[in-house]
Structures are given as C-alpha cells and as structure tokens.
**Q** 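First, the structure itself, so that you have it in front of you.
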Amino acid sequence: MSVLPKALNSPDDDTDLQIAIAKEVRWTLEEVEQYFIECEEICSDDGLPYYNLAKFSEETPSDLKELAGLNSSNEVHLDLHLVPIRGDEEEI
C-alpha cells in the first residue's frame, strides 16, 4: 500500500512529476509541493532534448537547496527519463 497520492490523469495534474522530483532531490512530497515552480525540457536548436530543468522558489530553505544540489538560480538538471511522459491526447 502506497502513501503517495494518485495522479488524477488530468492535463494540469503534475502529481507524478512531483513524486519523481521528490525522489530525485531527496525531499518529501510536501517540500516539493511547497517550493517547486516548473520543469522545462531543454532542447538543442534542432529540437533534440538534452535534459529537464526543474525550477524552485527563492524561498527554498538553504538545507533543501544543498540536499537537492540546486544551482544559484534555484534550478537542478534532471535526466530526460526522470520526468513522466504524458500521452498526447487525440481529439475525435
């Protein structure tokens, strides 16, 4: 039995993403919910993805910044495989 919340599978639900980030940066889910801002895919000029860039609030406590390895801009690079892929929804 998992104590983690289930994703709602709606376009604006990022529960799976937050759980993945929490595991990677070694924070609790509540800490990620409080300080996580966004995750952006960084690509080359021709569209090839390099990595994901997770951005966190300036109010993130210094001990959490250190634990996660955040840079001076409160960001951390994440592997491409870490971020859950959302299926493209087809319209009928």
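Keep in mind the model is a prediction, meaning the values are calculated, not measured. Hydrogens, waters and symmetry mates play no part in the numbers below; they use all other heavy atoms, side chains included.
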**Q** Between Pro49 and Cys43, which heavy-atom pair has the shortest distance, and what is it?
**A**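 Shortest heavy-atom separation between Pro49 and Cys43 comes out as CA-SG, 3.7 Å.
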**Q** Which is it for Cys39 and Leu17 under the side chain to side chain contact (heavy atoms under 4.5 Å, CB included) test, yes or no, and what are the steps along the way?
**A** CA-CA 9 Å; Cys39 191; Leu17 173 61; 4.1 Å; yes
**Q** Under the side chain to side chain contact (heavy atoms under 4.5 Å, CB included) rule, what do Val32 and Thr28 come out as? Steps first, then yes or no, please.
**A** CA-CA 7 Å; Val32 172; Thr28 65; over 6 Å; no
**Q** Restricting to side chain to side chain donor-acceptor pair (under 3.5 Å), what partner residues turn up for Glu59, sequence neighbours left out?
**A**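 Side chain to side chain donor-acceptor pair (under 3.5 Å) list for Glu59, sorted by chain: Ser57.
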**Q** Strictly distance-based, threshold 3.5 Å: is any side-chain N or O of Arg26 a donor or acceptor partner for the main-chain N or O of Ala68?
**A**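 Looks like no, no N/O pair under 3.5 Å.
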**Q** With sequence neighbours excluded, give me every ring-ring contact (aromatic ring centres under 6.0 Å, His included) pair touching residues 54-79.
**A**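 For residues 54-79: Trp27-Phe56, Phe36-Phe56, Tyr51-His77.
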**Q** What distance separates Glu40 CD from Glu75 CD, expressed to the nearest 0.5 Å?
**A**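 Here the rounded value is 8.5 Å.
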**Q** Near Glu58 CD, under 6.0 Å, is it more than 12 heavy atoms from other residues, nucleotides or ligands?
**A**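 Open.
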**Q** First locate atom CD1 of Ile37, then atom OG1 of Thr60, and finally report the distance between them rounded to the nearest 0.5 Å.
**A**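 One finds 7.0 Å between CD1 of Ile37 and OG1 of Thr60.
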**Q** Would you indicate whether Asp45, at its atom CG, is surrounded by more than 12 heavy atoms from other residues, nucleotides or ligands within a distance under 6.0 Å?
**A**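 Result for CG/Asp45: open.
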**Q** Rounded to the nearest 0.5 Å, how far apart are CD of Glu33 and CG of Asp14?
**A**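 Glu33 atom CD to Asp14 atom CG measures 9.0 Å (nearest 0.5 Å).
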**Q** Show your working on side chain to side chain contact (heavy atoms under 4.5 Å, CB included) between Val76 and Asn71 and close with a plain yes or no.
**A** CA-CA 6 Å; Val76 65; Asn71 63 22; over 6 Å; no
**Q** Below 4.5 Å, heavy atoms only, C-beta onward: do Ser44 and Tyr50 meet side chain to side chain?
**A**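 Yes. Closest side-chain heavy atoms under 4.5 Å.
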**Q** Taking Glu24 as the fixed residue, which of Asn52, Leu82, Ile19 is the one that meets the side chain to side chain contact (heavy atoms under 4.5 Å, CB included) rule?
**A**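 Looking at Asn52, Leu82, Ile19, the match for Glu24 under the side chain to side chain contact (heavy atoms under 4.5 Å, CB included) is Leu82.
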**Q** Leu78 and Ile21: side chain to side chain contact (heavy atoms under 4.5 Å, CB included), yes or no, with the steps?
**A** CA-CA 8 Å; Leu78 303 173; Ile21 290 172; 3.9 Å; yes
**Q** Considering residues, nucleotides and ligands other than Glu38, do more than 12 of their heavy atoms fall under 6.0 Å from its CD?
**A**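 Enclosed.
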**Q** Side chain to side chain donor-acceptor pair (under 3.5 Å) with Glu41: which residues, sequence neighbours excluded?
**A**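 Listed in chain order: nothing, the list is empty.
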**Q** Report the C-alpha separation of Asn74 and Lys55 in whole Å, then their side-chain angles, then the decisive distance to 0.1 Å, and conclude whether the side-chain hydrogen bond (donor to acceptor under 3.5 Å, both in side chains) test is met.
**A** CA-CA 6 Å; Asn74 297 317; Lys55 300 177 183 183; over 6 Å; no
